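Structure, as structure tokens:
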Amino acid sequence: MTALPLVPPLPGQSSVLIVGAGPTGLALAVSLCQLGVDHVLIDRGAGIGPGSRAAAVQPRTLEYLDRIGVGAPLVQAGTKARGFRLHDRDRTLLRASYDQLDTPHPYMLLASQQTTEEQLLARLEELGGTVHRHHRLLGITPDHPGVSAAVAGPDGVVRAVSARYLVGCDGLHSAVRTAAGIAFPGAAREQLFALADVRLKSGTRAAACEDPTFFLSAAGMLLLSPLAQGLHRLVTPAAPGSAAPCAADVERLLSERGPAREAARVAEVVAASTYRVQERVAESFRAGPVLLAGDAAHTHSPAGGQGMNTGIQDAGNLAWKLHAVLSGMAPDALLDSYHHERHPVARALVSFTARFAEAAALTDPVACTQRNALLAAAAGSPGVTDWIAAKLAQLDIGYTDRPDLGVPRPGTRVCPRLVPPDGLHWTLALPASATAAPVRLPSENGRLMVRHIIALETTLLVRPDGYLAAHGVPAAPGEVADRLADHLPLEPAA
């Protein structure tokens, strides 16, 4: 008889119950640990799954991971790419360079999802947190003001966990979303994709590929992306019923769609699979004490490496709000702003990736020629490639539709180069003279950090997730600290 793995006892009560220990759930758990919020994290699996899966970490995500102590070790474990390329065989159509982006991370980090999860888990354990593996959510019942969750453990015994808030980070087929009765409208495309992580023999243009490159031709779309440890990832549309690609399939696809000058040879297929794309956004990211994040809240085409990044940023938006509510700083209504801020981001992302996927999937020769000519023309238009790079890097995400009137707008991202982050504290940035050295000071209540920054024109109050809460606030830290609640996004952004 096989012995069950040792699992920490499951608490019967917690402020927050997180279901799903993928990148989103782990990022949320790390954030709550850092904020001192009591929580329980469960996952039905045995551990971190092997393989690359989501393999691109965007600059905006790295900025948040810096705040929770994961950015530096993850960067060390990954490979830096300078942007995306669009090619027609050997001809460059467009290059979206990250080199000039205003961020401490002007690159795309190529790291397997396994590596990202490993770094998040290491940080969680460093902070004293844990994952309750082999635990499955069976259902929930109201337990005012929260919920009571029925959880089946590895021994088959069903236990009740009472939680003030329940967060579903449990993916496309979310048990939390189903139990809460939240609709998940959208489309399940018939398109099948094939994925392979391979080791290519050196000496060819394909093996020398340094940036994620979309090859677009009448033969079909092919994404070729370098990964850490000398691997490359290949993603392409596949015919219905196709099996996971083998080495011969990969070589054929590269020969038909990739660089034309040399034939690529595969030394090893490390992992291969097929998957279907769905395009869905949950009707609401909140239903009372139940909240959704990551793939449980939105799913879309993998084009552009956006999915995992969006989930981690969901966690960043939600974590400090849960802390604010549970600590008594803010009313429960603050959690409505999680839906108001992140739902439009998800809708826009699904729309963007769907349009890109449709254009990339063209196979009619005339339509392909027109598409590629349009892309080449766009690459020569001032500002276009910079706009694409900022969008893919997710540095354009904000929570206000108000026009820029020459002053910072609440809900806009504050570049960490301007105001370096202080973990998950609120930050008050104060102007300093050119002769003064920038300094960082804690406020009296510990929730607010103060920075004196040379050449800053006005005071800035920065939220724990790196977005602007207010500008022009008093330069007295004590007064600002006592009135942080005045700057919470309790109303939908205008």
Side-chain angles (χ1 to χ4, degrees), residues 1-11 14 16-34 39-57 61 65 68-71 73-74 76-78 109-138 149-159 161 166-176 195 197 227-229 231 233 244 269-273 275 293-296 299 307-309 311-312 314-315:
M1 181 176 178
T2 303
L4 291 172
L6 293 176
V7 179
L10 186 70
S14 182
V16 181
L17 173 60
I18 306 168
V19 179
T24 301
L26 286 168
L28 180 59
V30 170
S31 302
L32 294 179
C33 257
Q34 191 163 312
H39 69 278
V40 173
L41 172 60
I42 66 172
D43 191 273
R44 64 187 305 165
I48 294 173
S52 298
R53 293 170 286 160
V57 187
T61 303
L65 293 177
I68 59 175
V70 179
L74 183 58
Q76 189 173 7
L109 186 71
L110 303 176
S112 71
Q113 183 173 325
Q114 178 181 348
T115 299
T116 300
E117 291 185 22
E118 288 171 347
Q119 294 297 333
L120 285 164
L121 179 60
R123 177 60 173 156
L124 178 64
E125 292 175 342
E126 179 185 0
L127 292 169
T130 190
V131 181
H132 296 269
R133 304 285 185 185
H134 300 283
H135 284 77
R136 183 164 54 97
L137 180 75
L138 299 180
V151 178
D155 53 5
V157 176
V158 178
R159 297 173 174 86
V161 179
L166 169 65
V167 185
C169 303
D170 50 343
L172 175 64
H173 303 291
S174 170
V176 173
L195 179 151
D197 291 344
L227 300 174
Q229 301 175 337
L231 296 177
R233 162 166 291 183
V269 176
V270 177
S273 61
Y275 63 94
D295 287 353
T299 184
M308 179 184 70
N309 294 272
I312 291 174
D314 287 343

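Just so we're clear, the structure is a prediction, and the values are computed from it rather than from any experiment.
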By side-chain contact (heavy atoms from CB on, under 4.5 Å) - contacts of [X] (at least two apart):
X	result
Pro73	Gln119
Val161	Leu10, Leu17, Val151
Ala122	none
Thr130	Pro8, His132

For [X] and [Y], which heavy atoms make the closest approach, and how far apart are they?
X	Y	result
Ala149	Leu137	CB-CD1, 3.6 Å
Ala77	Ala228	O-CB, 4.1 Å
Gln34	Gly69	OE1-N, 4.5 Å
Asp155	Val157	OD1-N, 3.0 Å
Leu120	Pro23	CD1-O, 3.7 Å
Ile68	Ala27	CD1-O, 4.3 Å

Could you tell me which residues satisfy side chain to side chain donor-acceptor pair (under 3.5 Å) with [X], sequence neighbours excluded, listed by chain and number?
X	result
Asn309	Thr61
Thr24	none
Ser174	Asp170

Interatomic spacing from OG1 in Thr115 to CD in Gln76 - rounded to 0.5 Å: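 Atom-to-atom, Thr115:OG1 and Gln76:CD are 12.5 Å apart.
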Value rounded to 0.5 Å, distance of CG in Leu166 from OG in Ser14: 10.5 Å
Closer than 3.5 angstrom, by distance alone: can the side chain of Asp314 be matched with the main-chain N or O of Gly294 as a donor-acceptor pair? yes
Within-4.5 Å side-chain heavy-atom neighbours: Leu124 and Cys33: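 With C-beta onward as the side chain, the pair touches.
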State, with a plain yes or no, whether a side-chain heavy atom of Ile18 is found less than 4.5 Å away from one of Leu26. no
With Glu126, which residues qualify under salt bridge (Lys or Arg N to Asp or Glu O under 4.0 Å), at least two apart? Arg123
Checking Glu118 now: which residues fulfil salt bridge (Lys or Arg N to Asp or Glu O under 4.0 Å) with it, not counting sequence neighbours? none
Side-chain donor-acceptor distances from residues 39-48 under 3.5 Å, at least two apart:
{"unit_1": "His39", "atom_1": "ND1", "unit_2": "Val37", "atom_2": "O", "d": "3.1"}
{"unit_1": "Asp43", "atom_1": "OD1", "unit_2": "Gly45", "atom_2": "N", "d": "2.8"}
{"unit_1": "Asp43", "atom_1": "OD2", "unit_2": "Ala21", "atom_2": "N", "d": "2.7"}

